[in-house]
Amino acid sequence: MQNKVITIGEILWDVFPEGKKAGGSSMNVALNLHKQSIEGNFISAIGNDENGKELFNFLASNHFPTDLIQINTELPTSTVMVQLDENHQATYTIKQPVAWDDIKITDENIAAVKQADALVYCSLTCREEKSKKTILALLENARTKIFDINLRAPFYTKEFNW
């Protein structure tokens, strides 16, 4: 029996001096599971802009389901400016607010999570209250919960505050 995994979180463009690359911890987890033939889906949000269209097409070209990707008409698709130092250590400037800060709870999301064996959610996606509330609501419907810790300054503190 094959497991089904739902992932929720960031979808974005990592912008390097030489160009941009599709990314986001949550999208990367979803795509890597898909490449290993693990059935699943990805809940996130993109803006109604060129960057969003390109990310949507990127997922589709990788034969990944896009039916749980929300299109936000008010917030842009996420971009992250990436600077590498002389030791190739990355520093990230993560813009906000962006579309994945406003992932909405939907009947489709709830149904997908209920049918899945696991829900993978990311700490960074909880930086804004709207997406955090959606994740908390979906966790109530998840059989197995997998927490992807993605600490990025300045979006975390040493205190744990749910």
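Values in this document were obtained by computation on a predicted structure and should not be read as measured data. No hydrogens, no waters, no symmetry mates; every other heavy atom, side chains included, goes into these values.
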D14 and K21: CA distance, side-chain angles, deciding distance, salt bridge (Lys or Arg N to Asp or Glu O under 4.0 Å) verdict: CA-CA 5 Å; D14 283 317; K21 181 179 177 186; over 6 Å; no

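- Between atom CD1 of residue I43 and atom CD1 of residue I69 there is a gap of 9.0 Å, rounded to the nearest 0.5 Å.
- Neither M81 nor Y92 shares a network with the other; the hydrophobic side chains, linked directly or stepwise wherever heavy atoms of I, L, V, M, F, W or Y lie under 4.5 Å apart, form separate groups for each.
- Annotation: side chain of S78 is not in contact with side chain of E10 (no heavy-atom distance under 4.5 Å).
- Under the rule for a side chain to side chain donor-acceptor pair (under 3.5 Å), the partners of D49 that lie at least two apart in sequence or sit in another chain are T77.
- Closest heavy-atom contact between N87 and D85: N-OD1, 2.8 Å.
- Contact record, N28 with G23: OD1-CA, 3.8 Å, taken as the closest heavy-atom pair.
- Of all the heavy atoms in T66 and A60, the pair that sits closest is CG2-N, 4.2 Å.
- Side-chain contact between I94 and L124 is present, with heavy atoms from C-beta onward closer than 4.5 Å.
- Atom NZ of residue K114 and atom CD of residue E140 lie 10.5 Å apart, to the nearest 0.5 angstrom.
- Here the closest heavy-atom approach between residue C122 and residue F147 is recorded as C-CE1, 4.3 Å.
- By the side chain to side chain donor-acceptor pair (under 3.5 Å) test, D67 is found to be paired with N41, residues two or more places apart in sequence or in another chain being considered.
- Closest approach of P97 and P76 over heavy atoms only: O-CD, 3.8 Å.
- Heavy-atom neighbours of Q83 CD from other residues, nucleotides or ligands within 6.0 Å: at or below the threshold of 12.
- By the rule that hydrophobic residues join a cluster once side-chain heavy atoms approach within less than 4.5 Å of another member, W13 and F16 end up as members of separate clusters.
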Please report the C-alpha distance between I110 and L138 in whole Å, then the side-chain angles of each, then the deciding distance to 0.1 Å, and finally whether the side chain to side chain contact (heavy atoms under 4.5 Å, CB included) criterion is met. CA-CA 6 Å; I110 293 169; L138 291 175; 4.0 Å; yes

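- Using a 4.5 Å cut-off between side-chain heavy atoms of Ile, Leu, Val, Met, Phe, Trp and Tyr, with links allowed through other members, I11 and F56 fall into the same hydrophobic cluster.
- Note that CG of D117 and NZ of K4 are 9.0 Å apart. Values are rounded to the nearest 0.5 Å.
- Salt-bridge annotation for D101 and K130: absent, with no side-chain N of the basic residue lying under 4.0 Å from a carboxylate O of the acidic one.
- In this structure, the separation between CG on L55 and CD1 on I46 is 6.5 Å, given to the nearest 0.5 Å.
- Residues E108 and L68 have side chains in contact (heavy-atom distance under 4.5 Å, counting atoms from C-beta outward).
- A donor-acceptor contact shorter than 3.5 Å is absent between the side chain of H34 and the backbone of P65.
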Between L31 and L59, is a side chain to side chain contact (heavy atoms under 4.5 Å, CB included) present by the stated rule, with each step listed? CA-CA 8 Å; L31 278 176; L59 290 175; 4.2 Å; yes

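- Here the CZ atom belonging to F42 is positioned 5.5 Å from the OG atom belonging to S26, to the nearest 0.5 angstrom.
- At least one side-chain heavy atom of V15 sits less than 4.5 Å from a side-chain heavy atom of K20.
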With side chain to side chain contact (heavy atoms under 4.5 Å, CB included) as the test, would you mind laying out the steps for Q70 and I103 before giving the verdict? CA-CA 7 Å; Q70 301 169 13; I103 301 171; 3.8 Å; yes

Given M27 and W100, is the side chain to side chain contact (heavy atoms under 4.5 Å, CB included) satisfied, shown in steps? CA-CA 11 Å; M27 187 193 76; W100 59 258; over 6 Å; no

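- Put simply, the side chain of N62 never gets that close to the backbone of F64: no donor and acceptor are under 3.5 Å apart.
- In terms of hydrophobic clustering, with Ile, Leu, Val, Met, Phe, Trp and Tyr side chains grouped at heavy-atom distances under 4.5 Å, L136 and I105 are assigned to a common cluster.
- For K133, the NZ atom is loosely surrounded, since the number of other residues' heavy atoms within 6.0 Å does not exceed 12.
- Taking SG of C126 as the reference point, atom CD1 of I135 lies at 4.0 Å (rounded to 0.5 Å).
- Under a hydrophobic-cluster definition in which Ile, Leu, Val, Met, Phe, Trp and Tyr are linked whenever side-chain heavy atoms come within less than 4.5 Å, directly or via other members, I6 and I8 are assigned to the same cluster.
- The minimum heavy-atom distance linking L12 with V80 is given by the pair CD2-CG2, 3.8 Å.
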